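Worksheet: one structure, shown below.
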Amino acid sequence: MSGSQVATLASVQIFLDRQHGLYIDGGQQAAQSEKRLTIYNPATGEPIATTADASTADVDKAVMSAWKAFVARTWAGRLPAERERILLRFADLVEQHTEELAQLETLEQGKSIHISRAFEVGCTLNWMRYTAGLATKITGSTLDVSIPMPEGARYQAWTRKEPVGVVAGIVPWNFPLMIGMWKVMPALASGCSIVIKPSETTPLTLLRVAELATEAGIPDGVFNVVTGSGSECGTALTSHPQVAKVSFTGSTATGKQIARSAADRLTRVTLELGGKNPAIVLKDADPQWVIEGLMTGSFLNQGQVCAASSRIYIEAPLFDNLVSGFEQAVKSLNVGPGMSETANINPLVSRAHCDKVQAFLQEAQQNNAELLSGNAGPGGNGYYVAPTLVVNPDASLRLNREEVFGPVVNLVRVADGEEALRLANDTEYGLTASVWTRDLSHALSYSDRLQAGTVWINSHTLIDANLPFGGMKQSGTGRDFGPDWLDGWCETKSVCVRY
Ligand code: NDP
């Protein structure tokens, strides 16, 4: 049962019904291309809105608008404290529109309204305010140098951080607002201009947030949104000669394509890519903590989370007990629309993605894997996949190595922690991992040896604005968040003075 549904706000319906253009130079502009993209409600499969499908020429216009604003220094030239103040006002405006943004997100992406309120908007506000504060903390160093000529000369030297220029932000569909703002905020805090492309599946919240940025006082041209396909709009944006940096979150395949194209112009790139994230459960772990923590770690946002735990390796003495605990938890999940007050598993983002996840499960079924599934959902034309545990899957199955990005998690019996560690690291990815134990020495020994950008001990998937995040191996390059976050959005200039 999915329970009663949240009533759609009038302002949300008005926004859905609009003839959206591109957000360029501080306002809506009609795209040159007349092609439109249709946005669907994942809970029903029904169309709810359309947006512009930007062409290469449209993208060029947006980038040139960002470039003009950058060289005119309408934003980069502001005092850091002014940038901070305007960004904090921007955060306040986003907060005032929490319910509107949360509903738009749930209607286009499918996730629970509670997650939209708490994560897409609530956590985004934490990141916005944290990053606004970094605007006034950009620092270089003073350096002693030993230049020996001409004889008797003395030098003073220092470094300063300067914004890189125009940034291209490419945003995936799993957390469109939150991941979008992880690109917008460091760009703006450091004084860059940005052109951002949401996924064509989920473009609505960033279009709305751009209006709030202008209302907050961010100058025209500094924050632009282009909606369109990855193949045309995304390619045109990431390969534009005036783009100094690309910040990309999405699949490893697309990330590699962008890195190859960026190499031609030596454009700076940060890539936050996929993961096949392991959790190691040692025999002394607290079973209740494991089930609570890894149910959230695996099924939050229907598993459409790059950091999600998708392979759980359990030491033999705890295995049967934990499998039955996880099974009970999965069977108690309430599957329904995101706008339901009570559903805690919701549809996946699109028909295509739903089919992709189902194909992993069909392959497992055909190979006689043991699947323990929960409720299949209300059916109809919604994009539902039943939350599923795959018990001891055969090593040959694709879901052992590939990112499923759905409500599917493997439970694997291991003889001991060393076997778990070997299997955990046997992947091309290296985004996140966790280890579950009451023994601190074990916890530290495994966290040292896990090949992942973030390792949690007795938790999984919990991120924070002050904790750097990013991948090892094929999960990406560069780190987001943390006190040094803006370094990736600035050039270091050395200044050397003879006296
Ligand atoms: P993609 O990597 O294709 O999409 C991510 C973003 O990149 C979207 O905005 C997309 O636009 C854009 N894009 C696509 N092609 C290009 C291109 N050539 N140049 C520039 N931008 C481009 O991921 P998918 O949506 O296809 O998802 C596939 C898989 O990727 C998922 O199943 C999951 O495994 C992984 N993924 C990982 C995410 C993460 O957070 N690390 C997030 C999303 C997906 P558009 O959507 O309009 O095509």
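Start at 1 and go down the list; that is how both ligands and their atoms are numbered. Values in this document were obtained by computation on a predicted structure and should not be read as measured data.
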Can Gly228 be said to touch ligand 1, with heavy atoms closer than 4.0 Å?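 The answer is yes, since Gly228 has a heavy atom less than 4.0 Å from ligand 1.
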
With a cutoff of 4.0 Å, is His353 in contact with ligand 1, counting heavy atoms of the residue only?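 Right, His353 reaches ligand 1.
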
Only one of Thr56, Asp60, Thr235 forms a side chain to side chain donor-acceptor pair (under 3.5 Å) with His240, so which one is it?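 Single pass found, and it is Asp60.
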
Looking only at N/O atoms, are [X] and ligand 1 under 3.5 Å apart anywhere?
X: Lys197; result: yes
X: Cys306; result: no
X: Glu403; result: yes
X: Leu273; result: yes
X: Ser231; result: no

Can you find a protein heavy atom closer to atom 4 (O) of ligand 1 than 4.0 Å?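 Within 4.0 Å: no protein heavy atom nearby.
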
Please tell me if atom 26 (O) of ligand 1 is touched by the protein, where touching means a protein heavy-atom distance below 4.0 Å.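 Within 4.0 Å: no protein heavy atom nearby.
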
Of the protein's non-hydrogen atoms, which lies at the shortest distance from [atom], and what is that distance?
atom: atom 6 (C) of ligand 1; answer: Ile170 CG2, 3.6 Å
atom: atom 44 (C) of ligand 1; answer: Phe405 CE2, 3.8 Å
atom: atom 42 (C) of ligand 1; answer: Pro172 CB, 3.2 Å
atom: atom 24 (P) of ligand 1; answer: Trp173 NE1, 3.7 Å
atom: atom 17 (C) of ligand 1; answer: Gly230 O, 3.4 Å
atom: atom 46 (O) of ligand 1; answer: Ser199 OG, 2.8 Å
atom: atom 48 (O) of ligand 1; answer: Glu200 OE1, 3.1 Å
atom: atom 15 (N) of ligand 1; answer: Thr254 CG2, 3.5 Å

Using a 4.0 Å heavy-atom cut-off, which part of [X] comes near ligand 1: side chain, backbone, both, or neither?
X: Thr252; result: neither
X: Lys356; result: side chain
X: Thr235; result: both
X: Phe175; result: neither
X: Leu237; result: neither

Charged tip of Lys356 within 45° of Phe405 ring normal and under 6.0 Å: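 Not satisfied by the 6.0 Å and 45° rule.
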
Show which atoms of ligand 1 fall inside a sub-4.0 Å distance from at least one heavy-atom site of [X].
X: Ile258; answer: 20 (C)
X: Gly234; answer: 19 (N), 20 (C), 21 (N)
X: Val171; answer: 6 (C), 8 (C), 9 (O)

Charged N to carboxylate O under 4.0 angstrom, Glu402 versus Lys276?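 A salt bridge is absent here (no side-chain N lies under 4.0 Å from a carboxylate O).
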
Hey, is Glu200 close enough to Lys35 for a salt bridge, meaning N to O under 4.0 Å?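 So Glu200 does not pair with Lys35 through a salt bridge.
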
Under the side-chain hydrogen bond (donor to acceptor under 3.5 Å, both in side chains) rule, what do Glu99 and Gln103 come out as? Steps first, then yes or no, please. CA-CA 6 Å; Glu99 185 60 17; Gln103 290 196 8; 2.8 Å; yes

Quick one: are [X] and [Y] in side-chain contact, heavy atoms under 4.5 Å?
X: Thr44; Y: Asn381; answer: no
X: Thr296; Y: Glu292; answer: no
X: Thr249; Y: Val171; answer: no

Step by step, work out the side-chain hydrogen bond (donor to acceptor under 3.5 Å, both in side chains) result for Gln304 and Lys111. CA-CA 10 Å; Gln304 299 164 119; Lys111 62 169 56 86; over 6 Å; no

Looking at Lys473, I'd like to know if its NZ atom is crowded, meaning that more than 12 non-hydrogen atoms belonging to other residues, nucleotides or ligands lie closer than 6.0 Å.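 Yes, the 6.0 Å shell around NZ holds more than 12 heavy atoms from other groups.
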
Could you go step by step and tell me if Thr201 and Ser350 meet the side-chain hydrogen bond (donor to acceptor under 3.5 Å, both in side chains) rule? CA-CA 8 Å; Thr201 322; Ser350 64; 5.6 Å; no

Please assess Leu101 against Thr124 for the test side-chain contact (heavy atoms from CB on, under 4.5 Å), listing each intermediate value before the final yes or no. CA-CA 11 Å; Leu101 290 164; Thr124 294; over 6 Å; no

Determine, stepwise, if the pair Thr205 / Glu105 fulfils side-chain hydrogen bond (donor to acceptor under 3.5 Å, both in side chains). CA-CA 6 Å; Thr205 41; Glu105 206 57 285; 2.8 Å; yes

Separation of Leu206 CG from Met181 CE (nearest 0.5 Å):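 The distance works out to 7.5 Å.
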
Taking all non-hydrogen atoms of both residues into account, name the closest pair between Asn466 and Tyr130 and its distance.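 For Asn466 and Tyr130, the tightest heavy-atom pair comes out as OD1-OH, 2.5 Å.
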
